[in-house]
S.K.: 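What follows is a single structure, and I will ask about it in a moment.
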Amino acid sequence: MFKSSSILVGLEIGTTKVVAVVGELSPTGALSLIGIGQCASRGVRKGEIVDPVQAAEDVRAAVAEAEKNADVEISSVYLGVTGGHIQGLTNRGVHQIVSVDRDITEEDVQQVIQNARAVVIPPANTIIHTMRQDFMVDGKPGITNPVRMLGSRLEVDVHVVHGNDNRIKTAMRVVQGLQLRLDGVAFNGLASALAVLTHEDKEMGSLVIDLGAGVTEYVVYAGGLFKHTGVLAVGGDHISNDLAIGLKVPLGRAEELKIRYGSALTQPELKGQTVNLENEHGLHVRTINLEHLNRIMALRVEEILQLIEADLAQSGWLDHIRRGVFLVGGGARIPGIQQLAEQIFQLPVFLGRNGSINSIQSTQDQPEFATAIGLVKYGSIQQKRQTGWLERFRDTLSGLIPH
Amino acid sequence: MNEPNPSEQQRPGTPPATQLAVIGVGGAGGNLVSLLARVPWPGLRCVALDTSWRTLQMRSGVETLLLGRSVLGGLSAGGDPKQGRAAAEASEAELPALVSGSDMVLLLAGLGGGTGSGAAPVVARIAKSAGAVVVAIVSMPLELEGSRRRRQALLALNRLREEADVIIPLSNQDLLDKSDPGMTVPQLFSAANERLVEVVTAWWRMLALPGLMHLDLGALRAATSGRGVECQLASAEAVGNNRTFEVWAQLTQNMGLGESEFWKKTAFIVAGIAGGEDLLPAEIEWLSAQIRQQAPQANLVFGVACDSSLQGRLLVTLMLSNAGGRDLEVLLPEEQTPESSGRSEPAPVSDLETQSFLPPATQRLPSRIVPPPPAVPPEKARQLYRKQGVRSRGKRTGAEQGMLPLEVVSKGRFDKSDPTIRDGEDLDVPTYIRRGVTLN
């Protein structure tokens, strides 16, 4: 049984590229990366599919490349979803312990979780993840398992990530149309966090920002638990678009300029500097003011980070982040973004490294692959949950052996 | 001011509570009033007015009055507000008897048709001159009814504004948009009516309860004054452990506020929360947080009432309005005398000012201030409005000016995608443009 299911594939249909990552879960529970396939994405805007036919073609190409690289046949994938429609909310469930001896039983725990799960989400939305947080007994927080405790009032928080049903189904349909089975669907922000955060980072409180091309996702882990979700439908594409409008150049040229000269910080030494644009024959076309380019881009990047900071400050999670901020996604490559993020969040800022999975070094350092790698990681966690008692028993045994 | 009609005697033993008369004008108003008449409500007087004799025959449990028998001969106004108004003016002598003795008149009408649009302003004027406070709850026509009815409704609304004290224009469009596709027309209409009756009753209870933070008609007036205002009313009640949560679920799901497009337009919210002696501050806070989350920009006026009759229960009423979200100073009634502002100590200028629970003034956006329409003395207004009646239609009804969407800034490749709006800013527009940074 474990032979067939030991191949896990994470598929991210991003705004600029489709990435399929193949991971192998060894019987001992170690996860290693054995192949990556990618393809330029053409049917996606702001993280959401706008052209399913085009998107399907790109997914097919990416999966085929991954199959070739990993030398396996891919039959099922874990799909990442994102988009501005995805929201997170935390709901509290309350349950009064009615028994005379005030003994909290397994049924009480089930009941309180059920109460917390019944959240009000818009009718068109569907729940992607529900994550239970710590319990509270009579207002005392931080209880991981209240069974057999005494108390009169049991409370629990559940963090729910939900998004528009139709848009998520569109992405699922694209994958299913290619005769690929869906093992699961996960929110991209969660996947990125799984890829870069160690157990300790989660425990101390970390913010993971995935600066994608179409959307920017951010999640907060604190006390080892998934606490806050946010999606901003603004990303690298917006920077290119701003440049295209501000500098009056075509979008493709703006993209090029962004990669070549872009920076997240305003650099005073650029004042008065220009760069000449040449056409394909090497003839001079126009002169671009680098100071303008720099200012347009820095303002946009700064705004993205400020919006995240404002959201976290409002929800109160900013104070719980003690480890630092992890940047992943293509936007993490913008020069100076670390310093800018440090200024805005007043926290240490790291480039996210995909530390949770064994692979060659070069892949680990690529922030763009964090989501797809995280999806593999997510898959491995799901798979462990689904295995039967025999496997769990074997896991326990293998867990005793240091590896 | 008219003397109270001697035929309308105060029954002995009735407490000196507010005497309320509910008057339904026209088809929609009549439907509502006959539904309201079934609600056990002491001291309530229900009257249905219509031009159509046949419709009036169907009304049960309410007093009825046929308008303009001499003009229309018991037929309907045929969707023409002029006919409706002429009918009401022909029956003007009979109207004061219906409202005399009432401190407050609640006028219900569906605007857009003939009788509702034409007769409601006349009834409001007469009720007002009989000394009653006039509150008009009117429903605006659905989009499917066409632009002509919409224009008629807007014109009638403007006329009504000159006559009534508080006008709450309701939009039913959301109900239609969100309704189950399998729902039949009678089901939809009765659902709309029942919802309205439920909400009106709940609001009335809320206004009557002695409040810790009292809500009064002033709050409603503040939320509904201005041009082009539409409102949505909602109410819910729940008991038990998770009552806060259930109330909110009811408000969002049953009342259709969950995914309502209306939240985006909402600039003014009046929320009333009533419970027994066991009402917890956390419950109020949670509900307030939910409301603020839906419409962070809106002005929120809060009322809280505790009454032992509501022990263990939680009653929440909400009114969302797209009234310009302006500063309350602007909204204070004009009757405020200038000498009161001359005092050194800022005296509580109105009930609303002292009892509201508003965010500090800095949070309000100055750009959303819309000056109130110029004050016209009632005599002059009536003159103008008579004049309008004489003039041929055509020009007048077409007076409403359409607005073109003002797209100043190109959004490049995001022109055709869903805008990303956060805190009222379109994030697809380049940051440097929004922040006014010049490149030179």
Side-chain angles (χ1 to χ4, degrees), chain A residues 45-46 48 50 83-85 87 89 91-96 115-116 118-125 153 164 167 214-216 231-235 237-248 250-251 254 289 291-293 295-304 306-307 310-311 314, chain B residues 177-180 236 240-261 263 280 282-283 286-287 289-290 292-294 296 409-423 425-440:
Chain A
R45 276 274 183 292
K46 291 188 188 176
E48 294 167 31
V50 291
H85 56 94
Q87 287 173 309
L89 68 91
N91 189 46
R92 175 162 293 183
V94 184
H95 179 63
Q96 303 283 355
N115 287 352
V119 287
V120 190
I121 59 170
N125 278 20
R153 187 178 163 94
N164 186 298
R167 302 191 196 180
V215 288
T216 301
V231 180
L232 202 57
V234 178
D237 265 6
H238 282 80
I239 301 176
S240 305
N241 190 49
D242 291 2
L243 291 177
I245 294 174
L247 303 175
K248 302 186 179 61
L251 207 59
N289 188 330
E291 194 197 348
H292 292 174
L293 183 153
R295 197 182 292 169
I296 294 170
M297 183 162 174
L299 279 170
R300 174 63 87 174
V301 178
E302 191 185 330
E303 185 189 49
I304 295 175
Q306 275 170 348
L307 285 171
D311 179 35
Q314 197 205 356
Chain B
D177 292 344
K178 297 280 152 23
S179 67
D180 195 353
N241 255 344
N242 279 332
R243 58 188 185 175
T244 341
F245 173 72
E246 275 168 27
V247 156
W248 185 249
Q250 277 182 38
L251 283 175
T252 47
Q253 283 164 5
N254 304 359
M255 291 287 165
L257 290 184
E259 232 198 342
S260 171
E261 290 297 308
W263 280 112
L280 299 173
E283 295 176 312
W286 189 83
L287 284 168
Q290 300 303 312
R292 274 180 286 138
Q293 199 181 7
Q294 292 284 351
V409 192
S410 154
K411 297 195 287 179
R413 77 181 308 195
F414 301 113
D415 257 351
K416 293 194 178 60
S417 61
D418 270 0
T420 309
I421 309 280
R422 193 172 261 216
D423 294 341
E425 270 190 298
D426 187 349
L427 297 182
D428 291 338
V429 175
T431 317
Y432 80 93
I433 293 179
R434 273 179 286 126
R435 299 209 175 161
V437 175
T438 46
L439 303 171
N440 45 26

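By convention in this document, chain letters (A, B, ...) are assigned in the order of the sequence lines, proteins followed by strands, and residues within each chain are numbered from 1.
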S.K.: Measuring heavy-atom distances to chain B, does A:Val301 have an atom under 4.5 Å in its side chain, in its backbone, in both, or in neither?
M.R.: neither
S.K.: Between A:Lys46 and B:Asp428, is any pair of side-chain heavy atoms under 4.5 Å apart?
M.R.: yes
S.K.: Rounded at 0.5 Å granularity, tell me how far CZ in A:Arg295 sits from CZ in B:Arg435.
M.R.: 13.0 Å
S.K.: Checking B:Ile421 now: which residues fulfil side-chain contact (heavy atoms from CB on, under 4.5 Å) with it, not counting sequence neighbours?
M.R.: B:Pro419, B:Asp426
S.K.: Taking the side chain as C-beta and beyond, is there a heavy-atom pair between B:Phe245 and A:Asn91 under 4.5 Å?
M.R.: yes
S.K.: Using 0.5 Å steps for rounding, measure from the CG atom of B:Asn242 to the CZ atom of A:Arg92.
M.R.: 12.0 Å
S.K.: Heavy-atom distances under 4.5 Å only: say whether A:Ala233 touches chain B with side chain, backbone, both or neither.
M.R.: both
S.K.: How about A:Glu302 and B:Thr431: do any of their side-chain heavy atoms sit closer than 4.5 Å?
M.R.: no
S.K.: Against chain B, label A:Arg45 side chain, backbone, both or neither, depending on which of its atoms sit under 4.5 Å from a heavy atom there.
M.R.: side chain
S.K.: Check whether A:Leu307 gets within reach of chain B through its side chain, its backbone, both or neither, counting any heavy atom under 4.5 Å.
M.R.: both
S.K.: Looking at A:Ala244, A:Gly84, A:Ser240, A:Gly246, which has the largest count of heavy-atom pairs under 4.5 Å with chain B?
M.R.: A:Gly246
S.K.: So how far is it from B:Arg434 CZ to A:Asp242 CG, rounded to the nearest 0.5 Å?
M.R.: 8.0 Å
S.K.: Can you give me the closest heavy-atom contact between A:Glu303 and B:Leu427, atom names plus distance?
M.R.: OE2-CD2, 4.0 Å
S.K.: Not counting sequence neighbours, which residues clear ring pair (Phe, Tyr, Trp, His ring centres under 6.0 Å) with B:Tyr432? List them please.
M.R.: none
